[in-house]
Amino acid sequence: MSSSSVSVTSGATARLLPGGPVADQVLAGVAASVAELRAAGVTPALATVLVGDDDASAGYIRIKQRQAAELGFASPHVRLPASASQADLGAVLADFNADSGVHGVLVQHPVPGHLDYDRALAGLDPDKDVDGMHPVNMGRLALGLPGPLPCTPAGIEALLAFHRVPVSGREVVILGRGATLGRPLAMLLAQKRPTANAAVTVVHTGVADWPRFTRRAEILVAAAGVPGIVRPEHVRPGAVVVGGGVRYEGRRLLPDVDESCAEVAGAITPRVGGVGPTTVAMLFRNAVEAARRLSGVG
Ligand SMILES: NC(=O)c1ccc[n+]([C@@H]2O[C@H](COP(=O)([O-])OP(=O)(O)OC[C@H]3O[C@@H](n4cnc5c(N)ncnc54)[C@H](OP(=O)(O)O)[C@@H]3O)[C@@H](O)[C@H]2O)c1
């Protein structure tokens, strides 16, 4: 048996679609672009903002800063106390907006409950929005205009392309219409491009009989954030299953896709190391592209 297959009790195997090699390829391109920018006298800078004392969020920011440094980015960081006001956060973002030496800005999510993340994001320069979630960038995506793409959807398109999963002309069903994943992914995969071009259906709680749709999907993307919601009986035999939705209970990761789906699927993302690494890689790709655009180099 190949090491890139999942073994299941029935004897069936689903080809695994890991995100690690996809991320490595994307990040190699990012590192090369960073080197070109630096050779032209531009140090790409990805700023990070953390509000509050949440250990997990602080950990995620540290990992991204370390990776930014490894890739050659400067990574100025601002940490605000948990008591920071909306105006404090807005002022930090306004400073980064005005700083021509900062090309990308990442506000670690979630922010403390008294703050409105979406309102803060709306105050960020859309060209510095490395998450690709600013309303202007969502609008650009809807219109097919260039701009930073939302990281998780862009990572899923890259993952399918890397593993040579044909998407064009095929039926994709996405379970979930959230702003982070389902809705932008639907827009992305319906675009006129060889790695997209799909017939996309989005199902959600308003579609009580959603398994009727997922069972006919050639590519099924779970984007609900409901642990174990996708079970083998929801999967068309031989389909490609992408697990995007996850919930964390403490440090425990609970994916939407039940492991037993590997008994039915033809290919499936691994429980850990699937969509996650591609999301992070896309963040750095957005950052280096922002640096190119804003500096006029390349
Ligand atoms: N792997 C990664 O790197 C990564 C990155 C970002 C996000 N995520 C994950 O992606 C997931 C989606 O995030 P999001 O912000 O886009 O979405 P969201 O706002 O959490 O919305 C979830 C969506 O799933 C639907 N849904 C929930 N329970 C359902 C059910 N029982 N039956 C049918 N539909 C159901 C909801 O339907 P309604 O609209 O009808 O309520 C909604 O559209 C989350 O789990 C998040 O953690 C993963």
Side-chain angles (χ1 to χ4, degrees), residues 16-20 22-23 26-27 54 56-57 59-61 63-64 67 106-111 116-118 121 129-135 137-138 141-142 148-160 162 172-189 200-215 217 220-231 233-235 241-258 268-286:
L16 271 190
L17 306 173
V22 191
V26 171
L27 292 174
D54 182 65
S57 294
Y60 294 136
I61 282 281
I63 290 168
K64 284 170 193 161
Q67 203 164 359
L106 172 72
V107 182
Q108 183 63 40
H109 194 269
V111 292
D116 183 338
Y117 180 85
D118 292 340
L121 183 65
D129 161 38
V130 291
D131 266 331
M133 296 293 300
H134 188 287
N137 291 323
M138 285 292 187
L141 171 61
L149 291 171
C151 296
T152 309
I156 290 175
E157 183 182 349
L159 183 139
L160 293 170
F162 179 93
V172 175
V173 177
I174 302 169
L175 175 61
R177 59 180 160 188
T180 321
L181 184 45
R183 207 172 328 151
L185 181 65
M187 289 195 278
L188 197 63
L189 293 185
V200 182
T201 301
V202 182
V203 292
H204 38 74
T205 60
V207 183
D209 187 19
W210 57 260
R212 177 161 69 90
F213 296 88
T214 61
R215 271 197 299 267
L220 169 58
V221 183
V226 179
I229 189 172
V230 176
R231 299 199 40 81
E233 60 270 28
H234 305 138
V235 177
V241 177
V242 177
V246 289
R247 185 183 294 166
Y248 281 93
E249 273 182 16
R251 290 189 172 268
R252 228 174 118 225
L253 176 143
L254 302 171
D256 281 4
V257 177
D258 191 274
I268 192 165
T269 52
R271 193 170 181 283
V272 177
V275 170
T278 68
T279 298
V280 179
M282 290 303 160
L283 182 95
F284 289 110
R285 193 173 77 176
N286 279 343

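We count ligands from 1, going down the list as the structure has it; atoms in each ligand are counted the same way.
- Remark: Pro270 pairs with Leu16, Pro18 by the side chain to side chain contact (heavy atoms under 4.5 Å, CB included) rule, at least two apart or across chains.
- Taking the side chain as every heavy atom from C-beta outward, Val230 and Leu175 approach each other to under 4.5 Å.
- Inter-residue side-chain proximity for Val242 and Leu160 is flagged as met; some heavy-atom pair is nearer than 4.5 Å.
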Please output the side-chain donor-acceptor pairs of residues 148-159 that fall under 3.5 Å, not counting sequence neighbours, one pair per line with the distance.
| residue | atom | partner | partner atom | Å |
| --- | --- | --- | --- | --- |
| Thr152 | OG1 | Thr279 | OG1 | 3.3 |
| Glu157 | OE1 | Arg193 | NH2 | 2.9 |
| Glu157 | OE2 | Arg193 | NE | 3.1 |
| Glu157 | OE2 | Arg193 | NH2 | 3.2 |
| Glu157 | OE2 | Thr195 | OG1 | 2.5 |

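- Ordered by chain and residue number, the residues placing a heavy atom less than 4.0 Å from ligand 1 are Thr152, Leu175, Gly176, Arg177, Gly178, Ala179, Thr180, Leu181, Gly182, His204, Thr205, Trp210, Ala223, Ala224, Gly225, Val226, Ile229, Gly244, Gly245, Val246, Val275, Gly276, Thr279.
- Side-chain contact between Gln108 and Lys64: present, with at least one pair of heavy atoms (C-beta onward) separated by less than 4.5 Å.
- With sequence neighbours excluded, the residues satisfying salt bridge (Lys or Arg N to Asp or Glu O under 4.0 Å) with Arg231 are Glu233, Asp258.
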